[in-house]
*Asks:* 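Submitted below is the structure of interest, expressed as C-alpha cells.
All residue numbers refer to positions in the sequence shown, counting from 1. In this text, all values refer to a predicted model and were calculated from it rather than measured experimentally.
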Amino acid sequence: MFLYLCTPMRNERIEWDDAHAEIACFETGGNAKEYHVMIHAKDVAAPFQEQLEAVICGYEKLKAKELNVATPVMKRYFLSDVANQGEEVLNADTMVCAKSIVGQPPLDGTKVALWVYLLTDATSSKLSNGLYEVKQGGIRHLWSASANCLKGDSEQQMLQLFNDYVDTLAEEGCTLADNCLRTWLFVNDIDNNYAGVVKARNTIFAEQGLTKDTHYIASTGIGGRAINHKVLAQMDAYAVAGIHQEQVHYLYAPTHLNRTSDYGVSFERGTYIDYPDHRQVFISGTASIDNHGQIVYPKDIVNQTHRMWENVEMLLAEADCNFDHVGVIIVYLRDMADYQVVKKLFGARYPDIPTVIVHAPVCRPGWLIEMECMAVKKI
C-alpha cells in the first residue's frame with residue numbers, strides 16, 4: 001500500500017527478488033494522477049541481460065497492478081555501457097512512448113536503472129514526424145527522446161538537432177519559443193564538446209526570438225553518451241501544444257543564482273506551468289553556484305551538495321513549492337568516488353523521493369554535483 005506521509009505526494013517502495021521500485025504518486029483530486037517510478041536492479045554481479053530483464057519485469061508487474069490505469073509518457077534508461085547495451089534495450093522495450101537511452105552509469109554498481117513518468121486518463125501515440133503525442137484532458141503533450149545526428153562537430157550536430165526540432169514542432173502548429181518547456185542535452189565528452197553545444201543553442205534561440213529579454217527554456221546540459229560514439233550531442237525535449245504564455249512562468253532565485261545569460265549560456269533555472277487544477281514545475285540542472293555565477297565550495301562534495309539543495313529550494317519556493325512536492329530527482333556526479341557520501345546525504349534528507357544517482361560530469365569541471373527535479377502541486 002502507499003505510505004501516506006502528510007505530503008502532497010504519496011510514496012511507496014516495492015521490493016522484488018531482483019529489483020526494487022520507488023514510486024511517487026500525485027492526485028489532483030479527480031481521476032487524474034501522475035506517477036514517477038524509478039526502478040533499480042539489485043544484483044550488481046548479474047549480466048546485463050539479467051539486470052535489464054529484472055528492471056523491465058519490475059515495470060511490467062507495476063503496470064499489471066499498481067499502475068494498471070496509467071499511460072507511460074516518458075522513459076529514460078541509464079546505462080553503464082550504452083554502446084553495447086543500447087540496442088538491446090530498444091529490442092526489449094516495445095512500449096509506445098518516448099524512450100531516452102543514455103550512457104550515464106548508475107552509481108549503485110548496477111548496469112541499468114529506469115525512470116518512468118506516467119499519467120492516468122491519457123492516451124499515447126507516435127506521430128509520423130517522430131514525436132510522441134500524449135493527450136490528457138484536451139491537452140496535447142509532445143515528447144521527443146534520443147534525437148541525434150552523426151555529421152560534424154558538437155556545434156554542427158546541435159544546430160541540426162534544433163533545426164529539425166523547430167521544423168517538427170511547426171508541423172504540430174507549435175514553435176520553440178511558445179511551446180517547448182524543457183530540454184535535456186546529453187554531451188559526449190562534455191569538457192571538450194559543451195562549448196559547441198552552447199554556441200549552437202545560442203544561435204538557434206536568437207533566431208527563434210528566445211533572448212534574455214524574453215525567456216529561455218528549462219534545460220539540463222550534462223555529460224552523457226549515445227549508442228553511437230560519433231554522436232556528440234543527443235537531445236530529449238518536451239512541448240505542449242495550445243499552451244498560452246500567461247500559463248508559463250520562469251524561476252530565477254536571484255538571491256542565490258544569477259541569470260544564465262551572464263556567463264554566455266541560454267536556459268532558464270526553472271519553469272512552472274499552471275493548468276486548471278495543478279502546477280507543473282521543472283527545475284533545470286542545478287549545481288553549487290552563487291548569484292555571481294561562481295562555484296561555491298570548490299572541491300568540497302558535502303558542502304556543494306548542501307548549497308545545491310539550497311538553490312533548488314529557493315527555485316521551488318518561487319513556484320510556491322518545496323521538496324514535499326517533488327516526484328523525481330536525478331543526481332549527476334563528476335567523480336564516481338563521491339557516490340557513497342552523496343547517497344548517504346540524500347538518504348538522510350530525502351529518503352522517499354524516487355532518485356537515481358549517475359556518473360555524468362557537469363558542464364564546468366569545478367562542479368562536483370548537479371541535480372534536477374520535477375514537482376507538482378494542486379492549485
Side-chain angles (χ1 to χ4, degrees), residues 36-41 48 51-52 55-56 59 72-93 95 97-117 130 132 143-150 154 157-158 160-162 164-165 182-194 196-197 201 218-238 267 282 284-285 328-334 336 339 354-363 369-374:
H36 289 282
V37 180
M38 198 70 73
I39 306 178
H40 305 264
F48 173 74
Q51 293 191 34
L52 178 63
V55 166
I56 291 178
Y59 172 71
V73 172
M74 172 71 166
K75 290 183 176 182
R76 181 169 297 147
Y77 285 90
F78 306 91
L79 302 180
S80 63
D81 181 8
V82 68
N84 286 306
Q85 300 162 348
E87 292 293 342
E88 192 165 342
V89 171
L90 289 173
N91 292 333
D93 187 336
M95 184 69 66
C97 73
K99 285 188 279 287
S100 175
I101 297 175
V102 60
Q104 291 179 332
L107 286 176
D108 59 2
T110 59
K111 295 177 179 292
V112 56
L114 172 62
W115 163 46
V116 189
Y117 176 43
Y132 287 85
W143 290 84
S144 171
S146 295
N148 62 71
C149 62
L150 298 174
S154 61
Q157 290 189 14
M158 196 76 255
Q160 186 65 55
L161 284 177
F162 268 117
D164 289 346
Y165 186 54
R182 186 68 163 92
T183 64
W184 292 262
L185 308 179
F186 303 108
V187 187
N188 190 355
D189 188 7
I190 193 168
D191 291 339
N192 290 309
N193 291 319
Y194 187 65
V197 168
R201 179 170 59 184
S219 185
T220 299
I222 198 74
R225 272 202 51 177
I227 295 173
N228 190 319
H229 70 279
K230 294 181 180 179
V231 173
L232 305 179
Q234 180 166 286
M235 183 169 74
D236 298 346
Y238 168 59
F267 68 92
F282 295 95
S284 300
V328 65
I329 295 173
I330 302 174
V331 183
Y332 306 101
L333 293 185
R334 171 170 283 270
M336 293 183 290
Y339 170 68
T355 300
V356 66
I357 305 175
V358 297
H359 180 224
V362 186
C363 60
I369 185 169
E370 181 171 295
M371 68 166 283
E372 64 175 71
C373 62
M374 290 175 60

*Asks:* Kindly give the heavy-atom pair with the smallest separation between Leu114 and Lys75, and that separation in Å.
*Replies:* CD1-CB, 4.1 Å
*Asks:* Roughly how far, to the nearest 0.5 Å, is the CG atom of Leu150 from the CD atom of Gln157?
*Replies:* 6.5 Å
*Asks:* Output the distance between atom OH (Tyr194) and atom SG (Cys363), rounded to the nearest 0.5 Å.
*Replies:* 4.0 Å
*Asks:* Do Tyr77 and Asp93 pair up side chain to side chain, a donor and an acceptor below 3.5 Å, judged on atom types alone?
*Replies:* yes
*Asks:* Between Trp184 and Trp143, how do the two ring planes meet: parallel, tilted or perpendicular, split at 30° and 60°?
*Replies:* parallel
*Asks:* With rounding to the nearest 0.5 Å, note down the distance linking CD1 in Ile330 to OG1 in Thr355.
*Replies:* 9.5 Å
*Asks:* Looking only at heavy atoms, what is the nearest atom pair of Pro72 and Cys97, with distance?
*Replies:* O-CB, 3.5 Å
*Asks:* Might you point out which heavy atoms bring Pro106 and Ala113 nearest each other, and give the distance in Å?
*Replies:* CG-N, 3.8 Å
*Asks:* According to salt bridge (charged side-chain N to carboxylate O under 4.0 Å, His left out), does anything in residues 80-90 pair up with another residue at least two apart or in another chain? List the pairs.
*Replies:* none
*Asks:* Would a distance-only check, ignoring hydrogens and angles, find a side-chain to backbone donor-acceptor pair under 3.5 Å from Ser100 to Arg76?
*Replies:* no
*Asks:* Of the non-hydrogen atoms in Phe48 and Val89, which two are nearest, and what is the gap between them?
*Replies:* CZ-CG2, 3.9 Å
*Asks:* Starting at OH of Tyr332, measure out to CD1 of Ile222 and round the result to the nearest 0.5 Å.
*Replies:* 6.0 Å
*Asks:* Gln234 side chain to Ile101 main-chain N or O, any donor-acceptor pair under 3.5 Å?
*Replies:* yes
*Asks:* Please identify each residue that fulfils salt bridge (charged side-chain N to carboxylate O under 4.0 Å, His left out) with Arg182, with sequence neighbours left out.
*Replies:* Glu372
*Asks:* Between Ser80 (side chain only) and Pro105 (backbone N and O only), is there a donor and an acceptor less than 3.5 Å apart?
*Replies:* no
*Asks:* Rounded at 0.5 Å granularity, tell me how far CE in Met74 sits from CH2 in Trp115.
*Replies:* 5.5 Å
*Asks:* Hey, could you give me the CG/CD1 distance between Leu79 and Ile227, rounded to the nearest 0.5 Å?
*Replies:* 8.0 Å
*Asks:* Any sub-3.5 Å donor-acceptor pair from Gln51's side-chain atoms to Ala41's backbone N or O?
*Replies:* no
*Asks:* Using modelled atom types only, decide if a donor and an acceptor are shared between the side chain of Asn193 and the backbone of Val187 within a distance under 3.5 Å.
*Replies:* no
